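Written out below as structure tokens is the structure these notes cover.
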Amino acid sequence: MTTTQQPDSKNQNQRTVAEFVEDIQMLTQEIQELYCLDAIPWIIGVSWGKDSSTILQLVWNAIAELPPEQRTKTIHVITTDTQVENPIVAAWVRQSIQQLKTAAVHQGMPIEAHLLQPVVQDTFWVNLIGKGYPAPRNQFRWCTPRLKINPANQFIREIVRASGETIIVLGTRKAESSKRAATMRKHQVRRVRERLSPNASLPNSLIYSPIEDWRNDEVWLYLMQWQNPWGGNNKDLFVMYRGATVDNECPLVIDTSTPSCGDSRFGCWVCTIVNQDKSMEAMIQNDEEKEWMQPLLDIRNELDMKDDREKRDFRRIWGDVQLFERNKNNKEKETTVEPIPGPYTKYWREYWLRKLLTAQTTIRCTAPENMRDITLITAEELSEIRRIWLEDKHEFDDTLPRIYKEVTGENFIDPRPGAGYSLLGSDEWAVLEEICEGDAMHLELMAKLLDTEYQFRKRSRRVGIFDALEKCFDTSSRSQDEAIKNAHLKRDLREAVSEGNIAKVKQLTLGDALSSINNSQEDNLSVNISEKKPDKSALTEENNIKNESNQQEAEPQKQNFAGMKYKKNKNQN
């Protein structure tokens with residue numbers, strides 16, 4: 001197979017237009033030979049930005065020069081729609097896909113376009129509003145795998161299962177960033193064939209990057225001087241880029257080594273990985289016709305809070321308090337042990353839902369005619385959010401339909417069969433709030449217990465109900481201060497065990513035992529209420545426990561509980 005010579009960086013920077021044209025001709029021949037070499041299907045990952053449009057145009061033009069009888073291998077063009085893409089870019093993508101499908105049929109090209117989307121359980125709003133995941137950060141970048149990597153990888157795996165192997169064609173370039181260049185050079189070392197690099201995260205998949213050594217100006221030169229073969233207008237793409245300030249689109253992501261929307265030109269409008277969405281800000285500033293996107297920018301900026309702990313639960317999403325060491329003062333190297341904040345609280349999840357629906361309603365009135373059917377959150381996402389609130393979080397007041405009605409003026413029609421049927425509702429929730437008198441943890445515990453019993457009531461067998469009820473107590477029976485204190489005790493105990501500090505283990509466990517005993521004594525022993533004097537025998541037993549060895553400690557505890565039982569029965573008689 002003929003391959004283009006890879007010029008060194010010095011020669012690459014000095015490449016003339018004539019040399020660039022020659023490189024395109026050699027690339028065309030290389031693509032044709034690689035395409036005809038075997039029956040391995042191709043997958044072209046595109047975001048419809050400048051780099052991926054260039055690679056798609058190169059491949060299209062190369063294959064179009066082949067005789068029709070040689071165009072036997074299907075080329076899959078995949079695009080991942082995160083459902084929170086910049087609306088202008090999302091409209092461009094859909095238009096380009098439709099143009100490609102039509103042109104492929106008319107020109108007899110073996111190219112099929114696929115618009116991939118995450119499953120509803122993985123969408124941005126289901127995780128943020130439904131589960132309460134905080135806005136993504138570099139330390140917790142939960143969005144990239146769910147929205148981008150998983151849909152693309154799932155499609156690639158299906159092709160591999162059907163054909164045994166695949167070649168993924170990408171428009172990645174070393175000039176995009178120093179990190180990208182380093183990653184590509186590392187993959188070059190492991191190449192198994194000319195220009196084909198193995199993908200560690202996708203077995204039986206090879207990466208083909210024809211324009212890896214092109215400069216930015218060469219990409220634009222090609223797009224402006226070579227006609228778009230599927231009927232698109234590359235000048236419109238250039239205008240989109242010119243409307244913003246950054247020079248790099250959000251690429252197709254198939255593994256975590258590929259940069260996501262951070263520092264990208266065209267990415268998700270909710271992205272909080274970057275400090276600010278410069279592209280959307282520039283679009284709104286430079287074009288009055290795009291001012292309708294301001295509500296989206298406002299939501300994005302409000303989500304992007306450096307410290308949002310007040311909006312989040314003190315427990316992790318599974319209900320436990322998890323501690324971490326935090327640097328308090330870098331100079332003195334002081335550290336504090338604090339709980340890791342968990343998901344957004346009920347109030348803030350409802351707040352973000354109301355905010356999003358308000359923005360959608362406003363945009364449908366203020367956007368241009370071709371954008372007024374915009375959907376920021378789908379009915380399927382709303383249904384899944386409602387299910388999470390009702391079933392997973394036990395919030396049976398079912399506020400989602402009410403919020404939807406208040407904001408949109410329309411009734412929410414849930415596509416999930418039987419979604420609105422429940423014996424518990426907003427009236428029962430209001431009664432529970434009144435009973436709990438503002439005690440949030442008490443309200444949460446009572447709601448969980450009631451709803452857990454109700455959920456098991458609908459089952460034919462109630463196996464596991466006691467474990468489920470016990471979990472309610474484990475996660476919601478302590479106040480915030482008590483739960484954090486208990487987490488510190490467990491942490492100290494683990495450290496003492498790992499250090500082999502027997503004395504500290506005894507101290508911690510004995511203190512916990514004494515606390516339990518004292519609580520039992522307070523409830524069960526006869527106390528002189530008028531004088532409020534403690535039972536002397538109880539104090540004696542406590543002193544015995546403190547002064548005896550491990551083996552001797554057990555007996556006083558047993559005697560103490562037996563004594564309590566005896567005194568209780570005696571008083572009752």
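Computed from a predicted structure; not experimentally measured.
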Check [Y] with [X], please: is the shortest side-chain N to carboxylate O separation under 4.0 Å?
X: Arg459; Y: Glu453; answer: no
X: Lys448; Y: Glu444; answer: yes
X: Arg173; Y: Asp51; answer: yes
X: Lys355; Y: Asp298; answer: no

Modelled atom types, side-chain donor and acceptor of [X] and [Y], under 3.5 Å:
X: Thr166; Y: Trp42; answer: no
X: Glu410; Y: Thr408; answer: no
X: Glu281; Y: Gln276; answer: yes
X: Asn150; Y: Gln154; answer: no
X: Thr375; Y: Asp373; answer: no

Parallel, tilted or perpendicular: which describes the rings of [X] and [Y], with under 30° parallel and over 60° perpendicular?
X: Tyr133; Y: Phe140; value: tilted
X: Trp142; Y: Phe124; value: parallel
X: Trp125; Y: Trp269; value: tilted
X: Phe155; Y: His114; value: tilted

Q: Check step by step if salt bridge (charged side-chain N to carboxylate O under 4.0 Å, His left out) holds for Arg386 and Asp414.
A: CA-CA 9 Å; Arg386 186 187 187 190; Asp414 200 319; 3.0 Å; yes

Under 6.0 Å from the [atom1] atom of [X], do we count more than 12 heavy atoms belonging to anything else shown?
X: Arg161; atom1: CZ; value: yes
X: Asn138; atom1: CG; value: yes
X: Glu406; atom1: CD; value: yes
X: Phe473; atom1: CZ; value: no
X: Glu289; atom1: CD; value: no

Counting N and O atoms only, with roles assigned by atom type, does the side chain of [X] sit under 3.5 Å from a partner on the main chain of [Y], one being a donor and the other an acceptor?
X: Asp304; Y: Arg300; result: no
X: Ser163; Y: Pro41; result: no
X: Asp81; Y: Leu115; result: no
X: Asp397; Y: Thr399; result: no
X: Trp389; Y: Ile129; result: yes
X: Asp307; Y: Arg309; result: yes
X: Arg372; Y: Cys365; result: yes
X: Tyr208; Y: Ile44; result: no
X: Ser53; Y: Lys50; result: no
X: Asp320; Y: Arg316; result: no

Q: Check whether any side-chain heavy atom of Met371 lies under 4.5 Å from a side-chain heavy atom of Ile363, and answer yes or no.
A: no

Q: Please tell me if the side chains of Asp451 and Tyr454 come closer than 4.5 Å, counting only heavy atoms from C-beta onward.
A: yes

Q: Would you please name every residue forming a side chain to side chain contact (heavy atoms under 4.5 Å, CB included) with Asp392, sequence neighbours left out?
A: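 Testing Asp392 for side chain to side chain contact (heavy atoms under 4.5 Å, CB included), a comparison that skips the adjacent residues, returns Arg387, Ile388.
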
Q. Which residues pass the side chain to side chain contact (heavy atoms under 4.5 Å, CB included) test with Glu470, sequence neighbours left out?
A. Asp467, Asp474

Q: Output, in order, the C-alpha distance, side-chain angles, deciding distance and verdict of side chain to side chain donor-acceptor pair (under 3.5 Å) for Thr82 and Glu85.
A: CA-CA 6 Å; Thr82 64; Glu85 300 288 339; 2.9 Å; yes

Q: Could you walk me through whether Arg349 and Glu395 pass the side chain to side chain contact (heavy atoms under 4.5 Å, CB included) test, one step at a time?
A: CA-CA 12 Å; Arg349 285 183 277 109; Glu395 296 166 356; 2.6 Å; yes

Measuring from atom [atom1] of [X] to atom [atom2] of [Y], what distance do you get when rounded to the nearest 0.5 angstrom?
X: Leu170; Y: Ser209; atom1: CG; atom2: OG; result: 5.5 Å
X: Glu433; Y: Ser426; atom1: CD; atom2: OG; result: 10.0 Å
X: Thr144; Y: Ile149; atom1: OG1; atom2: CD1; result: 6.0 Å
X: Thr79; Y: Ile97; atom1: OG1; atom2: CD1; result: 4.5 Å
X: Gln322; Y: Ile317; atom1: CD; atom2: CD1; result: 12.5 Å
X: Leu237; Y: Asn228; atom1: CG; atom2: CG; result: 9.5 Å

**Q.** Derivation of the side chain to side chain contact (heavy atoms under 4.5 Å, CB included) call for Thr54 and Trp214
**A.** CA-CA 11 Å; Thr54 296; Trp214 284 26; 3.7 Å; yes

Q | Worked check of side chain to side chain donor-acceptor pair (under 3.5 Å) between Glu302 and Trp352 | A | CA-CA 10 Å; Glu302 190 171 357; Trp352 293 126; over 6 Å; no

Q | Sequence-distant partners of Asp313, side-chain hydrogen bond (donor to acceptor under 3.5 Å, both in side chains), two or more places apart | A | Arg315

**Q.** Chi angles and distances behind the side chain to side chain contact (heavy atoms under 4.5 Å, CB included) call for Glu381, Glu384
**A.** CA-CA 5 Å; Glu381 289 177 287; Glu384 179 62 14; 5.8 Å; no

If you look at every heavy atom in [X] and [Y], which pair is closest and at what distance?
X: Lys131; Y: Pro343; answer: O-CB, 3.5 Å
X: Ser47; Y: Val93; answer: O-CG2, 3.9 Å
X: Ala113; Y: Leu100; answer: CB-CD2, 3.6 Å
X: Leu445; Y: Cys472; answer: CD1-O, 3.6 Å
X: Leu223; Y: Gln57; answer: CD2-OE1, 4.0 Å
X: Arg146; Y: Asp122; answer: CB-O, 3.5 Å

Q: With salt bridge (charged side-chain N to carboxylate O under 4.0 Å, His left out) as the test, would you mind laying out the steps for Arg215 and Glu218 before giving the verdict?
A: CA-CA 5 Å; Arg215 304 190 309 266; Glu218 291 176 332; 3.3 Å; yes

Q) Does the pair Arg354 and Glu350 meet the rule for a salt bridge (charged side-chain N to carboxylate O under 4.0 Å, His left out), with working shown? A) CA-CA 6 Å; Arg354 190 182 300 274; Glu350 293 174 354; over 6 Å; no

